[in-house]
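Both ligands and their constituent atoms are indexed starting at 1 by order of listing.
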Amino acid sequence: MSGRTRTVIAIDGPAASGKSSTAQWVAERLAFRHVDSGSLYRAATAARVRQGADVEEWTEDSVLDAARSVTLTPVDGGFEPLIDGSSAELEMRGERVTSRVSLVARMPAVRDWVNSLVRKAAEESDVVVDGRDIGTVVFPDAGLKVVLDAAPGERARRRLAERLHRTPTDDEIAEETGKIVLRDEMDAAQSVRAPDAVVIDTTHMKQSDQIARIVELVREHLGRSSAGKDALSPGAYHK
Ligand code: CDP
Ligand code: CDP
């Protein structure tokens, strides 16, 4: 560690608003590292699912105990939670985890566990961190705070297009919208928006435009600081 102050860019927003993929691209453009805080809630949930107990038996202690098998490991461009030393991406993104993760995320001790891992990751590099409460609870002094939002139906369409690799039907979008709205409700308590965040409604935006907008905002906010100078040189965006 050089001892200089690390830069944190916070990107918060609801499910499928584009946080993680956008954060990943912004991080790449700026040569920062990406930290996906939601992936840690998902990893803790997946680790508890592996133990096989009914969800009614999930206590804060039992989830924390299961989370001992999770490590946040540096990978190219960011960090990945491993469970028992192995990648568990499919498991973490599956329906069993998605339907239980909001319950786990309401457990204060689990939030403390996630927040300490995320803050530790940010000690070692400049980071773009995405989640629900990054600009308020985790990094209230973040150099730039962004909230990404989009209409529920559009978020449902994006999630399905990503999962199915095709254009979803109207019926599929309607069903997924119901799930997204339900998760918005279940996540309301832990979704705390910073009043000083720049809100970007991406409903009618191309992803490349929202990435460019955030990179521009980072340059406006941090461009003159010597800490950010090298990291803020133009990078290639090639999606
Ligand atoms: O990608 P998606 O928005 O579907 O979810 P995620 O970012 O992977 O987060 C999964 C879950 O973790 C959310 O539904 C929240 O319950 C929780 N979460 C949270 O409470 N606080 C955060 N900073 C990030 C995620
Ligand atoms: O992390 P979060 O759940 O908020 O969303 P994501 O997984 O990063 O994004 C969901 C999908 O929406 C990804 O396939 C993105 O490429 C896509 N998308 C977007 O993020 N922004 C747009 N303007 C259009 C599509």
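Listed for the Glu60 side chain is a donor-acceptor partner under 3.5 Å among the backbone atoms of Ala109. Listed for the Asp12 side chain is no donor-acceptor partner under 3.5 Å among the backbone atoms of Val147. Proximity of a side-chain donor or acceptor of Arg155 to a complementary backbone N or O of Ala16 within less than 3.5 Å is not detected. Looking at Asp54, its side chain never comes within 3.5 Å of a backbone N or O of Glu56 through a donor-acceptor pair. With hydrogens and angles disregarded, a donor-acceptor distance shorter than 3.5 Å links the side chain of Lys145 to the backbone of Pro140. Under a 3.5 Å cut-off, the side chain of Arg48 and the backbone N or O of Asp65 do not form any donor-acceptor pair. Without hydrogens or angle criteria, Asp126 side chain to Thr7 main chain gives a donor-acceptor distance under 3.5 Å.
The single protein non-hydrogen atom nearest to atom 9 (O) of ligand 1 is Gly38 CA, 3.5 Å, given as residue, atom name and distance. Scanning the protein heavy atoms around atom 24 (C) of ligand 1, the nearest turns out to be Ser37 OG, 3.4 Å. If you check which protein heavy atom lies closest to atom 8 (O) of ligand 1, you get Arg42 NE, 2.7 Å. Distance from atom 18 (N) of ligand 1 to its nearest protein heavy atom, with residue and atom name: Tyr41 CD1, 3.5 Å. Among protein heavy atoms, atom 21 (N) of ligand 1 sits closest to Arg111 NH2, 3.0 Å.
Where the criterion is an N or O separation shorter than 3.5 Å, residue side chain and backbone included, Gln207 meets it with respect to ligand 2.
Counting atoms of ligand 2 from 1 in the listed order, those under 4.0 Å from a heavy atom of Met205 are 22 (C), 23 (N). Of all atoms in ligand 1, listed by their number and element, those nearer than 4.0 Å to a heavy atom of Ala105 are 16 (O), 17 (C), 20 (O). Atoms of ligand 1 found under 4.0 Å from any heavy atom of Ala15, numbered from 1 in the order shown, are 3 (O), 4 (O). The distance from ligand 2 to the heavy atoms of Lys206 drops below 4.0 Å at these ligand atoms: 23 (N). Residue-ligand proximity, Ala16 to ligand 1, at heavy-atom distances under 4.0 Å covers atoms 3 (O). For ligand 1 and Asp187, the ligand atoms under 4.0 Å from any heavy atom of the residue are 13 (C), 14 (O), 15 (C), 16 (O). In the vicinity of Gln210, heavy-atom distances shorter than 4.0 Å reach the ligand 2 atoms 19 (C), 20 (O), 21 (N), 22 (C), 23 (N). Short contacts between ligand 1 and Arg93, defined as distances under 4.0 Å to a heavy atom of the residue, involve ligand atoms 8 (O). Close approach of ligand 2 to Pro14 is summarised as follows: ligand atoms under 4.0 Å from at least one heavy atom of the residue are 4 (O).
Arg163 places a side-chain heavy atom less than 4.5 Å from the side chain of Glu176. Side-chain contact between Gln207 and Ser21 is present, with at least one heavy-atom pair separated by less than 4.5 Å. Counting heavy atoms from C-beta outward, Val49 and Trp58 have side chains that approach closer than 4.5 Å.
Using a 4.0 Å cutoff on heavy atoms, Ser102 counts as a contact of ligand 1. Put simply, no part of Met186 is less than 4.0 Å from ligand 1, judged by heavy atoms. Ligand 2 does not have Ala150 within reach: every non-hydrogen atom of the residue lies 4.0 Å or more from it. Residue-ligand proximity: Gly13 is placed with every non-hydrogen atom at 4.0 Å or more from ligand 2.
Between the choices Arg106, Arg132, Arg100, the shortest heavy-atom distance to atom 22 (C) of ligand 1 belongs to Arg132. Across Lys19, Arg159, His204, Arg158, heavy-atom proximity to atom 17 (C) of ligand 2 is greatest for Arg158. Between atom 13 (C) of ligand 2 and the options Gln24, Arg183, Arg163, Glu162, the minimum heavy-atom separation is to Glu162.
Taking each heavy atom of Ser39 and Met92 in turn, the nearest pair found is O-CE, 3.5 Å. Residue Ser17 comes nearest to Gln210 through the heavy atom pair O-NE2, 4.5 Å, listed as atom of the first residue, atom of the second, then distance.
Under 4.0 Å is where a charged nitrogen must lie from a carboxylate oxygen, and between Glu154 and Arg158 at least one such pair does.
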